[in-house]
Student: 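Pasting a structure below so you can have a look.
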Amino acid sequence: MAYISIYRKYRPYDFDGIVGQEHIVRILRNQIKTDTIGHAYLFTGTRGTGKTSIAKIFARAVNCTNNDNGQACGKCDVCLSLSGANNLDIIEIDAASNNGVDEIRELRESVKYPPAVGRFKVYIIDEVHMLSIGAFNALLKTLEEPPSHVIFILATTEVHKLPQTILSRCLRFDFRLVPTNSIAGRIKYIFDDMGIKCTQDACLAISEAGDGSVRDALSIADMCVSYGEGNIDYNVVLDVLGQSNPNIILDIIDCTLNGDISTALTLIDNLSNYGKSMSVLARDITKMFRNLFIVQNVVTPEKTLSLPTELIERLKELRSVNSDRVLQCVDIMSNVESNMRYSSMPRTLLESSIAKCADPRANIDLTGVITRLKSLEDKIANGNFSLNSDAKEENKVKRQFSKSACCGFLIKATRDLKKYALYSELTELNKDNFSLDNGVVNIRPSRKNMADILLMPEYFDLLKNLIVNEFEGVNDIVVIKSDKIVNIDDDIAFVKGLFDNDIIKMK
């Protein structure tokens, strides 16, 4: 016998097997119990949420001669007859391939004939939005006033394409996306029935990948069964879905939020070298930023996120990050995947987006400006920021002057200020070139031309401000010129004079 996929093999046979659509099941069962069954129903919702399954279950239940609490018994002659695929009372029509006026005319002729075994003849028209305008018009009168033994069930994923004249003639039921936990419970039941070992984290990962569709989740579960060979864990699901290890994604998030662009880009490069799709990686990073935002703003994120416990604990460690900044990162990364469709350099697009997330100053749009302003507001509110930089300098605790401290401080400060020309001159000084006399720091360069450089107004004012603001008891500085002028010939003559006639030529 040919293999039957999981979603077909475990298709619900009664209302008790339906997950996530309790509101619809309750209404339909009550209609059967009270015998207030309508003549036309419209089932609309996302693919894989149970529209066709509930339509078939309802069709059998309304015909059952011994139904229990609105549920088909599955044992009477009618139920046994309708369980076969070749029964004549439950007719499924694919509107995608039977969408013309001629097919609807044939349907109008067939509805005149009574059911073969049950009370009702049920027509299930799937993907009804595919009917042509002419076919819809041909169906109108029959749909409004069908024979008493006929029930129409129209199913569609695109209800906005149906004419209002059709909508007004049907009882409309909107199918919801199935909750992740409900799908996970269904998958766990199926795996247990099949004798397959599956961890809870793996079930949650499969159900979340289904995006609210039971059929999509079961299709993924089918692939996991083949890949895992009867033993499915979280890593098996990640391999099947092509997703990155969430710990690596979380490392990228951590480095990005800490401004460590180098490490974040290195991790992306490693994943790229393993053949990771940049669009999938962008989606994984976006989801992880969203997970962090949930952890920051939800009291019990464990109930909201379908993630392993250790990942949630790692996300909680990043709670201290500004929530507005995380939201900005979600906004930046949400646009990456869509923009990749039109980009010939998806990796460059992803890397530049990570750089924007790492440094809010790189994001020049309105969201980035608002985030930076919010950061300043928080600093002011917490007393960590002063609008008056002069006041900040005045409150600074100065340190005691020493020759070595002054020399080292000037070299480091000019390097940090990127005054490289001045920095290169100062590196030739040592502590003996500095002294303090009555609140005035004397700087005695060993070369006259160095003194001329330090006395340039731009450099002199900078040195004075640095030293006065850094050291206690210092009011001014003085640069003292040396009589010695740098001249290479003079230096050679000076060295020869030191050695007199003891100079020898060396090769």
Side-chain angles (χ1 to χ4, degrees), residues 4 7-45 49-95 98 103-104 106-128 139 141-156 166 169-175 214-215:
I4 301 176
Y7 81 84
R8 290 178 57 198
K9 181 179 180 181
Y10 288 91
R11 182 188 291 271
Y13 188 79
D14 53 32
F15 286 127
D16 293 337
I18 299 296
V19 294
Q21 310 299 342
E22 290 78 9
H23 62 299
I24 294 177
V25 170
R26 180 175 179 177
I27 294 173
L28 296 179
R29 293 182 73 162
N30 286 339
Q31 286 189 345
I32 296 172
K33 288 190 295 183
T34 59
D35 198 22
T36 55
I37 301 168
H39 65 276
Y41 294 84
L42 174 63
F43 291 172
T44 175
T49 51
K51 297 185 295 297
T52 304
S53 296
I54 290 183
K56 293 180 178 179
I57 294 169
F58 180 69
R60 289 192 294 267
V62 295
N63 283 303
C64 178
T65 58
N66 189 28
N67 69 71
D68 178 26
N69 195 26
Q71 184 90 281
C73 67
K75 300 177 181 179
C76 66
D77 293 339
V78 175
C79 287
L80 294 176
S81 177
L82 295 180
S83 62
N86 58 349
N87 74 85
L88 301 177
D89 290 347
I90 301 178
I91 302 99
E92 289 188 64
I93 301 173
D94 177 22
N98 298 279
E103 287 81 0
I104 299 301
E106 292 179 5
L107 184 149
R108 288 169 55 184
E109 292 298 321
S110 66
V111 299
K112 299 177 182 179
Y113 301 104
V117 294
R119 293 174 57 198
F120 298 97
K121 180 180 285 188
V122 182
Y123 288 86
I124 302 173
I125 306 179
D126 203 7
E127 301 299 333
V128 68
L139 182 62
K141 191 62 179 178
T142 304
L143 187 65
E144 183 177 19
E145 297 179 359
S148 59
H149 59 266
V150 171
I151 298 175
F152 285 102
I153 301 178
L154 313 182
T156 179
I166 294 292
R169 287 167 167 79
C170 301
L171 295 176
R172 174 171 170 170
F173 292 86
D174 288 272
F175 283 64
V214 180
R215 183 170 62 238

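Because the structure is predicted, anything quoted here is derived from the model rather than measured. All values below were derived from every heavy atom in this structure, side-chain atoms included, with hydrogens, water molecules and symmetry-related copies excluded.
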Student: Where the side chain of R172 meets the backbone of T44, is there a donor-acceptor pair that is under 3.5 Å apart?
Tutor: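 Here the side-chain-to-backbone pair does not exist.
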Student: Verify side-chain contact (heavy atoms from CB on, under 4.5 Å) between E92 and D126, making sure each step is shown before the conclusion.
Tutor: CA-CA 7 Å; E92 289 188 64; D126 203 7; 5.8 Å; no
Student: Measuring from E127:CD to T52:OG1, what's the distance to the nearest 0.5 Å?
Tutor: 8.0 Å
Student: Taking the side chain from H39 and the backbone from S148, do they hold a donor-acceptor pair closer than 3.5 Å?
Tutor: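 No; judged by distance alone, with no hydrogens or angles, the pair does not exist.
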Student: On a heavy-atom basis, which atom in P12 and which in I57 lie closest, and how many Å separate them?
Tutor: O-CD1, 3.7 Å
Student: Quick one: pull up CZ in R11 and CZ in R215 and give me the separation to the nearest 0.5 Å.
Tutor: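 The CZ atom of R11 sits 7.5 Å away from the CZ atom of R215.
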Student: Measuring from F58:CZ to N63:CG, what's the distance to the nearest 0.5 Å?
Tutor: 9.5 Å
Student: Answer yes or no: is there a donor N or O on one side and an acceptor on the other, between the side chain of S110 and the main chain of L107, under 3.5 Å?
Tutor: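 Yes, because the side chain of S110 sits within donor-acceptor range (under 3.5 Å) of the backbone of L107.
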Student: Restricting to non-hydrogen atoms, name the atom on Q21 and the atom on T49 that form the minimum distance, rounded to 0.1 Å.
Tutor: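 Distance-wise, the nearest heavy atoms are NE2-O, 3.3 Å.
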Student: Given side-chain contact (heavy atoms from CB on, under 4.5 Å), test Y41 with I151 step by step and report yes or no.
Tutor: CA-CA 8 Å; Y41 294 84; I151 298 175; 3.9 Å; yes
Student: Show the nearest heavy-atom pair for residues A61 and N67, with the distance to one decimal.
Tutor: O-ND2, 4.2 Å
Student: Check ring-ring contact (aromatic ring centres under 6.0 Å, His included) between Y123 and all other residues, then give those that pass, not counting sequence neighbours.
Tutor: F152
Student: Evaluate the side-chain contact (heavy atoms from CB on, under 4.5 Å) criterion for residues L171 and Q31: first the C-alpha distance (whole Å), next the side-chain angles of each, then the deciding distance (0.1 Å), finally the verdict.
Tutor: CA-CA 12 Å; L171 295 176; Q31 286 189 345; 3.8 Å; yes
Student: State whether the number of non-hydrogen atoms from other residues, nucleotides or ligands found under 6.0 Å of Y113 atom OH is greater than 12.
Tutor: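 For Y113, atom OH is not crowded (no more than 12 foreign heavy atoms under 6.0 Å).
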Student: Using atom types as modelled and distance alone, determine if a side-chain donor or acceptor of D89 lies under 3.5 Å from a backbone N or O of V117.
Tutor: yes
Student: Tell me whether R29 is salt-bridged to D16, with the criterion being a basic N under 4.0 Å from an acidic carboxylate O.
Tutor: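 A salt bridge is present here (some side-chain N lies under 4.0 Å from a carboxylate O).
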Student: Measure the spacing between OG1 of T156 and CD1 of I166 and express it to the nearest 0.5 Å.
Tutor: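 The CD1 atom of I166 is 11.5 Å from OG1 of T156, to the nearest 0.5 Å.
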Student: List for me each residue that meets ring-ring contact (aromatic ring centres under 6.0 Å, His included) alongside F175, sequence neighbours excluded, and say none if there are none.
Tutor: F43
Student: For N30, does the CG atom sit with more than 12 other heavy atoms under 6.0 Å from it, leaving out its own atoms?
Tutor: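 It does: N30 CG has more than 12 such atoms within range.
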Student: Could you give the distance from CG (L42) to NZ (K51), rounded to the nearest 0.5 Å?
Tutor: 10.5 Å
Student: Pairs in or reaching into residues 15-35: which pass ring pair (Phe, Tyr, Trp, His ring centres under 6.0 Å), with residues at least two apart or in two chains?
Tutor: none
Student: To the nearest 0.5 angstrom, please state how far the CD1 atom of I91 sits from the CD1 atom of I153.
Tutor: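 Separation between the atoms: 11.0 Å.
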Student: List the atom of L80, the atom of K75, and the distance in Å for their closest heavy-atom pair.
Tutor: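 Answer, listing the atom of L80 first, then K75: CD1-O, 3.6 Å.
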Student: Check whether any side-chain N or O of N87 sits under 3.5 Å from a backbone N or O of S83 as a donor-acceptor pair, and report yes or no.
Tutor: no
Student: Taking all heavy atoms of G70 and all of I32, pick out the closest pair and write down the distance.
Tutor: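 Taking G70 first and I32 second, the nearest heavy atoms are O-CD1, 3.6 Å.
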Student: State, to 0.1 Å, how close L143 and P146 come at their nearest heavy-atom pair, and which atoms those are.
Tutor: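 Looks like O-CD, 3.6 Å.
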